[in-house]
Amino acid sequence: MPLAPPVAALLEEGRDRALSYAAYRRLVAESIDGAPLYEKESQQHFTRLNHQRMSRLDKTAKLDEAAAAVVFPRPTLLLVLTEGWCGDAAHALPVLNLLAERIDNLELGILLRDEHPELMDAFLTGGSRSIPKVIVADAESLQVRGTWGPRPVPAQAIFAAYRADPDIDYDTYQLELQKWYNRDRSVHIQRELLEVLRRSAG
C-alpha cells in the first residue's frame, strides 16, 4: 500500500487549489441556478438553504472588537474543508471571511471536502470526516498551528444529544440546531475561532 503524501504536500496542493470566499459563493449560487453540485436532491436542497443563510449572514454578521487585537507577524492560512450542503459551514464561513478581511496577514482558502479526501483524512474529528474543518497554518512553511470544527461547543452538545437519543429525529435536530445558531448570532463561532487564532499567533 503506498504511503499517504506528507501533510505539508497535501496542504500545499490545497492552498494552490483553494477557492476564495467570493469564488465559493459564486460556485454555490451557480449550482442553484444551473448545473447542480450534487446528485442527491437532499444535498441540493440543503445547498439552497445554505446559500440563503450565507447571503443573510454576509449582510448581518458583525465581528467582535476582539478580532482587531489579534496580530499575526507572519502570513497565516485558514484552509477550510467544506461542502455546500453543510449547514454548520453556512454559519461559519461568513465569519471566517470577516476575520480574513479584518485581520492583517490572514488568508482564507476554501476546498470541497470530497475533492480532497487525503487532506480530509489527515484532519478527522473523532475518526469522522466532519465539516467544516478549519486548518490554521503558516502560509509559507505550511506548519499547522491549530484546527477548529466542525461546530461550536454548544452546537456540538446538541449534535451529541441527537446522536445519543434514538427518539430525536433528524428534522427535529436540524430545527433545534438552527434555532441555536439564530439565537447565538455567531458569538460562539467568533470566540472559539479567535481563541484558536490567538494560540496559533503566540
So that I can tick it off, tell me whether [Y] and [X] are bridged by a salt bridge, with the cut-off set at under 4.0 angstrom between side-chain N and carboxylate O.
{"X": "Arg17", "Y": "Glu13", "value": "yes"}
{"X": "Asp121", "Y": "Arg129", "value": "yes"}
{"X": "Arg15", "Y": "Glu140", "value": "no"}

Can you tell me how far [atom2] of [Y] sits from [atom1] of [X], rounded to the nearest 0.5 angstrom?
{"X": "Glu115", "Y": "Leu81", "atom1": "CD", "atom2": "CG", "result": "11.0 Å"}
{"X": "Ser42", "Y": "Trp85", "atom1": "OG", "atom2": "CH2", "result": "9.5 Å"}
{"X": "Ser128", "Y": "Met120", "atom1": "OG", "atom2": "CE", "result": "7.5 Å"}
{"X": "Asp171", "Y": "Glu176", "atom1": "CG", "atom2": "CD", "result": "12.0 Å"}
{"X": "Leu10", "Y": "His116", "atom1": "CG", "atom2": "NE2", "result": "10.0 Å"}
{"X": "Gln178", "Y": "Leu49", "atom1": "CD", "atom2": "CG", "result": "8.5 Å"}

Salt bridge (charged side-chain N to carboxylate O under 4.0 Å, His left out) filter on Glu30, not counting sequence neighbours, yields none
Taken in chain and number order and not counting sequence neighbours, the residues that satisfy salt bridge (charged side-chain N to carboxylate O under 4.0 Å, His left out) with Glu101 are none
Qualifying ring-ring contact (aromatic ring centres under 6.0 Å, His included) pairs with a residue from residues 183-202, counting only residues at least two apart or across chains
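Found Trp180-His188.
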Flag the pair [X] / [Y] as yes when at least one side-chain heavy-atom distance between them is below 4.5 Å, and no otherwise.
{"X": "Glu192", "Y": "Pro154", "answer": "yes"}
{"X": "Ser20", "Y": "Ile110", "answer": "no"}
{"X": "Leu193", "Y": "Leu96", "answer": "yes"}
{"X": "Arg25", "Y": "His51", "answer": "yes"}
{"X": "Leu93", "Y": "Val80", "answer": "yes"}
{"X": "Thr125", "Y": "Ile131", "answer": "no"}
{"X": "Tyr24", "Y": "Met54", "answer": "yes"}
{"X": "Arg145", "Y": "Thr76", "answer": "no"}

Verify the cluster assignment for [X] and [Y]: are they in a single hydrophobic cluster under the rule of side-chain heavy atoms below 4.5 Å apart?
{"X": "Leu106", "Y": "Leu79", "result": "yes"}
{"X": "Leu111", "Y": "Leu124", "result": "no"}
{"X": "Val136", "Y": "Trp148", "result": "yes"}
{"X": "Leu194", "Y": "Val187", "result": "no"}
{"X": "Leu175", "Y": "Ile168", "result": "no"}

Measure from the side-chain N and O atoms of [X] to the backbone N and O of [Y], and report whether any donor-acceptor pair falls under 3.5 Å.
{"X": "Gln190", "Y": "Asp64", "result": "yes"}
{"X": "Thr60", "Y": "Asp58", "result": "no"}
{"X": "Glu83", "Y": "Arg113", "result": "yes"}
{"X": "Glu107", "Y": "Leu77", "result": "no"}

Residues in side chain to side chain donor-acceptor pair (under 3.5 Å) with Asp88, at least two apart?
Arg151, Tyr181
With sequence neighbours excluded, what pairs up with Asn105 under the side chain to side chain donor-acceptor pair (under 3.5 Å) test?
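Testing Asn105 for side chain to side chain donor-acceptor pair (under 3.5 Å), a comparison that skips the adjacent residues, returns none.
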Could you give me the CA-CA distance, side-chain angles and deciding distance for Glu39 and Gln44, then say whether side-chain contact (heavy atoms from CB on, under 4.5 Å) is met?
CA-CA 8 Å; Glu39 293 182 2; Gln44 274 300 114; over 6 Å; no
Between Thr147 and Val196, is the side-chain contact (heavy atoms from CB on, under 4.5 Å) condition met? List the steps.
CA-CA 7 Å; Thr147 63; Val196 172; over 6 Å; no
Other residues, nucleotides and ligands only: do more than 12 of their heavy atoms fall within 6.0 Å of [atom1] on [X]?
{"X": "Glu41", "atom1": "CD", "value": "yes"}
{"X": "Asp104", "atom1": "CG", "value": "no"}
{"X": "Arg102", "atom1": "CZ", "value": "yes"}

With Leu197 as reference, evaluate Leu78, Val134, Val71 under the side-chain contact (heavy atoms from CB on, under 4.5 Å) test and give the passing residue.
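Option passing the side-chain contact (heavy atoms from CB on, under 4.5 Å) with Leu197: Leu78.
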Taking it one step at a time, do Phe72 and Ser200 satisfy side-chain contact (heavy atoms from CB on, under 4.5 Å)?
CA-CA 9 Å; Phe72 289 90; Ser200 70; 3.7 Å; yes
Passes side-chain contact (heavy atoms from CB on, under 4.5 Å), Leu99 versus Leu108? Steps please.
CA-CA 9 Å; Leu99 287 169; Leu108 175 63; over 6 Å; no
Checking Tyr162 now: which residues fulfil ring-ring contact (aromatic ring centres under 6.0 Å, His included) with it, not counting sequence neighbours?
Tyr173
